[in-house]
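A, B, ... follow the sequence lines: proteins, then strands. Residue 1 opens every chain. Given the structure is predicted, the values throughout are model-derived calculations rather than measurements.
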Amino acid sequence: MMFDKERQATEEKIRSYCSQNDIPTPDEIKWMRIPFSGEWGISTSFFQAAAEEARSGKKVVVPERAQEIAAAIAQQLGTPEGFSRVEAVKGYVNLYFSAGDYSRRVIDDVLTMGADYGRGVDKAEQVMVEYSQPNTHKPIHVGHLRNMILGAAICNILEWAGYDVVRANYPGDSGLHVIKWIWNYQKNHAGEEPPEDKIRWMGDIYVEANRLLEENPDLEAEMREVFAQWEARDPDFMALYEKTHQWSREGFDIAYDALDIPFDIFYWQSELDQTGKDLVADLIAKEIAIDERPEGAVVIHLDEILGLEQEKYRVMVILRSDGTALYSTWDLALAPRKFSDYPDLVRSIYIVDVRQSLHLQQVYKTLEIMGYPWTDKLLHLPYEIVNLPGNVTMASREGTVVLLEDLLREAEQRARELVQEKNPELTEEQKHSVAKAVSLGAIKYPMLARDNTKIATFDWESALDFNGQAAPYIQYAHVRANSILKRMEGALPESQLPQHDLAPSEIELIDMISRMPEEIQHAADEFKTLRITNLAYNLARAFNDFYKQCPVLKAPPEVRAGRLRLVAAARQAIANTLGVLGILAPDVM
RNA sequence: GCACCCGUAGCUCAAUGGAUAGAGCGACUGACUUCGAAUCAGUAGGUUCCGGGUUCAAGUCCUGGCGGGUGCGCCA
């Protein structure tokens, strides 16, 4: 936070006044921003001190006493260096920054740091974030969007906050869904090559496989036999597996490329098959797991091992009765792998659907029982699912999905029509890139602008609605700021103290700009993208208000210079904030 | 049965335990010879699901209900 020095000096004065006057002082003086003012500053309250006095037997009415203390302290503080005035209101002491100094400091800071404004100091700590666990042989659909977009944004936030971030992908390229797909392909589509619309075609084969199995349960045994081909690494099977695997990877690339989602490392589930089985053998040897084969599976009775009376972790199956691996086998193997690849991780974050909470708790607990030293660094960051209207869950098995490419195409087309309508004189090239930036932003923003614990509903109407609290609104503010700077003749004026009384809308805008660094840190601490989407929107709104209220280019020269710098700072802050969210800030639209 | 999540304006959602609970959408009324109207200003809309408790202070924490969702031995 800015004004650290001044704040600390003030804290010292408060402490010494309190101890001299026998007023209880808290361990930590809590500062907040002053609400409801056209000015800005910080405040702290004295309710705790007053309450403590009341508890110790003094006859005081807490709110009144708090105000009394606040008034005395305000009196004592006078007007400290860096502040314009001090007041005591309703138990709070409010310290108002001197507007000129403050605004100059904020604006200079932004313009000096440029594209790095908002970044925290290097924490020299490494964290891994695992996100986007796409399954091969299934289509990527809108239900997967939240995970990808959330994961990428969390990574950005952590990176901006000063962490060294490892972005990990964990694709599911083994398991029953793969077997089902290949079984159906061999049986009903042998030799077929994918058409142009590869993703949809692969999805259809998967849906068909599930339908056939449902219609005729006798086929189950036949399908399971394909599992044996996988277990035996049968050459013909493996060749087909490789080929179809490649088709899926091409689909992933298209999606990641379109959404601009980056990764540092891919942990393929199939590569964990053997280590997973070895680990299971080890668990059996250590008598943590019970081998109930061939009648049953290999299981761990977690509650029993932990001596819990009430059921909590329940029973985890770690190997099927036929000896094949399942998700818990691979997940158990993956966690140690991450720490052997990156021994310095201070945190290993899993961005995974809330419905897998129990499963992940079981995995973490099992690893803890095994005695790994890093299990306290494992963190499941759950998020709620994206449903279709009527609370219908998207399931690729049933084909109740909106394919990602359909959404991207529709959104871009709609954005394209809007650009054409709003700004027909742009070049084709520009229209194309604007439509892309706007449509992607419109898709990403709502995914990040709601709490992870809240279920999202996908419907076409709101997905294609670019009005209101949405990315295009923020992008438009950036365009307006850019437009002013484009018309500015000559270079940006030098830093100066404001030569005029700042208007309320200027103050509000500077305030919003100044919040970016602390919001990044908070967002990183809480893993909340919502903080950044709120900031981005509030920044844009403050800018739009300023834009309306305050002429820049036509303002008198001394005012104009300061406002031009403010516009430049606002443009930078908006662009950086959108950047953290993975949303582009176009210059025109 | 056990566990987790949600409940705030007509709808979708905000609000580090702090001062007056805020936005968007929808509805209604206004503003483009003015730096770009994908904008702005205004009006209407609230027992923060209900009951207890903790606290100087509760939408926020604890507890008991109610309503909705999810998970719970071989899908991932």
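- Smallest separation of non-hydrogen atoms from A:T453 and A:E384: O-CG, 3.3 Å.
- A donor-acceptor pair shorter than 3.5 Å cannot be found between the side chains of A:R541 and A:N544.
- Closest contact between the side chain of A:Q469 and the listed nucleotides B:U34, B:A38, B:A23 involves B:A23.
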Q | Pair A:H500-A:E506, side-chain contact (heavy atoms from CB on, under 4.5 Å): steps then yes or no | A | CA-CA 11 Å; A:H500 63 290; A:E506 285 179 279; 3.2 Å; yes

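- A:S505 and A:D545 share no side-chain donor-acceptor pair at under 3.5 Å.
- Positionally, the nearest nucleotide of RNA chain B for A:Q310 lies more toward the 5' end than for the other of A:Q310 and A:I484.
- Across the P atoms, B:C62 and B:G17 are found 12 Å apart, a figure rounded to whole Å.
- Screening A:E398, A:R397, A:K180 for a side chain to side chain donor-acceptor pair (under 3.5 Å) with A:N210, the sole residue that qualifies is A:K180.
- Residue order along RNA chain B, read from the 5' end via each residue's closest nucleotide, puts A:N534 first among A:K554 and A:N534.
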Q: Mark up nucleotides 68-76 of chain B, 5' to 3', with B wherever a protein heavy atom is under 4.0 angstrom from a base atom, S wherever such an atom reaches only the sugar-phosphate, and - elsewhere.
A: -SSBBBBSB

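- With respect to A:D322 and A:R320, no salt bridge is recorded, no charged nitrogen being found less than 4.0 Å from a carboxylate O.
- Across all strands shown, B:A9 has no partner, as no Watson-Crick or G-U wobble contact with both distances under 3.5 Å is found.
- With a 6.0 Å cutoff to the six-membered ring centre and a 45° limit on the axis angle, A:R146 does not count as a cation-pi contact of A:Y383.
- Checking A:N147 against A:Q133 by side-chain atom types alone, a donor-acceptor pair falls below 3.5 Å.
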Q: Could you encode protein contacts along nucleotides 54-63 of chain B as a string, one character per nucleotide from 5' to 3', using B for base contact, S for sugar-phosphate-only contact and - for no contact, with a heavy-atom cut-off of under 4.0 Å?
A: -SB-------

